[in-house]
2 protein chains.
Amino acid sequence: MRADALRNRERIIDTARTVFREQGYDASLDEIAKRAGVGAGTLYRHFPNRDALLDAILQNWVERVEAATEKTLAHEGPPRELLLEWFRTYVELISLHKGGPAKITSALGDPESPIRTKCQVLTGAAERVMERLREEHAIRDDVDAVRVCQLVGGVATVADNGDLDADAVAPLLEVVADGLLRA
Amino acid sequence: MRADALRNRERIIDTARTVFREQGYDASLDEIAKRAGVGAGTLYRHFPNRDALLDAILQNWVERVEAATEKTLAHEGPPRELLLEWFRTYVELISLHKGGPAKITSALGDPESPIRTKCQVLTGAAERVMERLREEHAIRDDVDAVRVCQLVGGVATVADNGDLDADAVAPLLEVVADGLLRA
DNA sequence: GAACGATACGGAGACAGTCTCCGTTTAGCA
DNA sequence: TGCTAAACGGAGACTGTCTCCGTATCGTTC
């Protein structure tokens, strides 16, 4: 790739990250192009649509997911605490910007989604947490990681849509955790 | 209201119901106006925005909610069955059209929402179901009806976004139910 | 049943966002 | 230094939202 192309690509991603965080996932792409100092054509050549742009942004986010998972798994404690800790982390990770939880959660079950590979990192991480709990026979085994992510994603979506804070979300996560923990 | 105004109002509501069901909540309002045989101005005079139109549509839906609640409460059986029956009913009721679950669920927690009064019918119904379960000491009492509706609404939102069918939704609802039933 | 004001109609058009097309510019190689 | 493939950028086509205001209609009053 030509040096100028690479430079523009980076600038678009950086700007998009900021604008999405400021205005949510619906922000105008033309505005992102303008703020990045490029023409609309340049933005659309690099990223044919909104999702392709999001996918690029998520690249570095994937690393944060990995790190957060490690941290959670390192945390010693009873199964319920581990699960709740992971849920809190999960909600935080997918609440990148307004609309993020819905976007990511719906991508989990959609084989066609352009951001699917990135989201699979999430289910992979959930899988590791659940594997640990299964070894301890602490969790019911008829619900897989994707479903758990969808459940917790549902809570995050609701929180995102309704501007619920962490205190309001906590009891919802507890209900999900307790529902899972019986086996 | 003048007779012609009333006639147009009804036609717009009927058409909107059809179009929303066909195309989801994002359908073009100008198209609804056109299919209803009125000008855009007429539509916007009757309904200043999308939500006002939805609110009018929900009027008759409220009656269905009431009826469904009666039917569920009449159903004898163990608490878990009652709860799951209500959850299934609830998901069905709010999955009116694409985008419905997210719309309705986010309205539950938003005092400013223009469709809030309609949605309160839902929490009222949930309250009745939970009251019955509380009498039987079957349910934890630190989660109120609104939170339960948000949880189940979260599941419905995920199902709506990801085109999950009833079989895929069932285990998610079971997790929520089991989480609630311990107390 | 004619006249008249209040009410309602409807569609042109302003505005905003998405995305494409294509003439112009530039990087980077020989 | 010249050449060409690659990249740029912005005008504009298209779609959807919503407003404005000239025109039409209702229904009341005499």
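Below, all heavy atoms of this structure are taken into account, side chains as well, without hydrogens, waters or symmetry copies. In what follows, chains carry the letters A, B, and so on, assigned in the order in which the sequence lines appear, proteins first and then strands, with residues in each chain numbered from 1.
Under the rule for a side-chain hydrogen bond (donor to acceptor under 3.5 Å, both in side chains), E92(B) has no partner lying at least two apart in sequence or in another chain. Checked against ring-ring contact (aromatic ring centres under 6.0 Å, His included), F20(B) has the following partners two or more places apart in sequence or in another chain: Y25(B), H97(B). A search for side-chain hydrogen bond (donor to acceptor under 3.5 Å, both in side chains) contacts involving E31(B) returns Q23(B), R35(B), not counting sequence neighbours. With sequence neighbours excluded, the residues forming a salt bridge (charged side-chain N to carboxylate O under 4.0 Å, His left out) with E174(B) are R140(A), R80(B), listed by chain and number. For P171(A), there are no side-chain contact (heavy atoms from CB on, under 4.5 Å) partners two or more places apart in sequence or in a different chain. With sequence neighbours excluded, no residue forms a side-chain hydrogen bond (donor to acceptor under 3.5 Å, both in side chains) with E81(B).
Bounding nucleotides for the chain B contact on DNA chain C, 5' to 3', at a heavy-atom distance below 4.0 Å, are dA6(C) to dG11(C).
Under the 4.0 Å criterion applied to side-chain N and carboxylate O atoms, R88(B) and E85(B) are assigned as salt-bridge partners. A salt bridge is absent between R7(A) and D4(A): the closest approach of a Lys/Arg side-chain nitrogen to an acidic carboxylate oxygen does not fall below 4.0 angstrom. A salt bridge links E127(A) with R134(A); the closest basic N to acidic carboxylate O contact falls under 4.0 Å. Look at R128(A) and E70(A) and you find a salt bridge, because one of the NZ, NE, NH1 or NH2 atoms lies within 4.0 Å of a carboxylate O, short of that distance.
Side-chain contact between L173(B) and Y90(B) is absent, with no heavy atoms from C-beta onward closer than 4.5 Å.
Residues M1(A) make up the rest of the hydrophobic cluster containing L6(A), defined by ILVMFWY side-chain heavy atoms closer than 4.5 Å, directly or through other members.
Listed in residue order, the members of residues 5-15 of chain A having a heavy atom less than 4.0 Å from DNA chain D are A5(A), N8(A). Contact check of residues 22-37 of chain A against DNA chain C (heavy atom, cut-off under 4.0 Å) returns A27(A), S28(A), L29(A), D30(A). Interface residues of residues 41-55 of chain B facing DNA chain C, ordered by number: G41(B), T42(B), R45(B), H46(B); criterion, heavy-atom separation under 4.0 Å.
Stem analysis of DNA chain D (Watson-Crick or G-U pairs, both distances under 3.5 Å, runs of at least three) returns C:1-30 with D:1-30.
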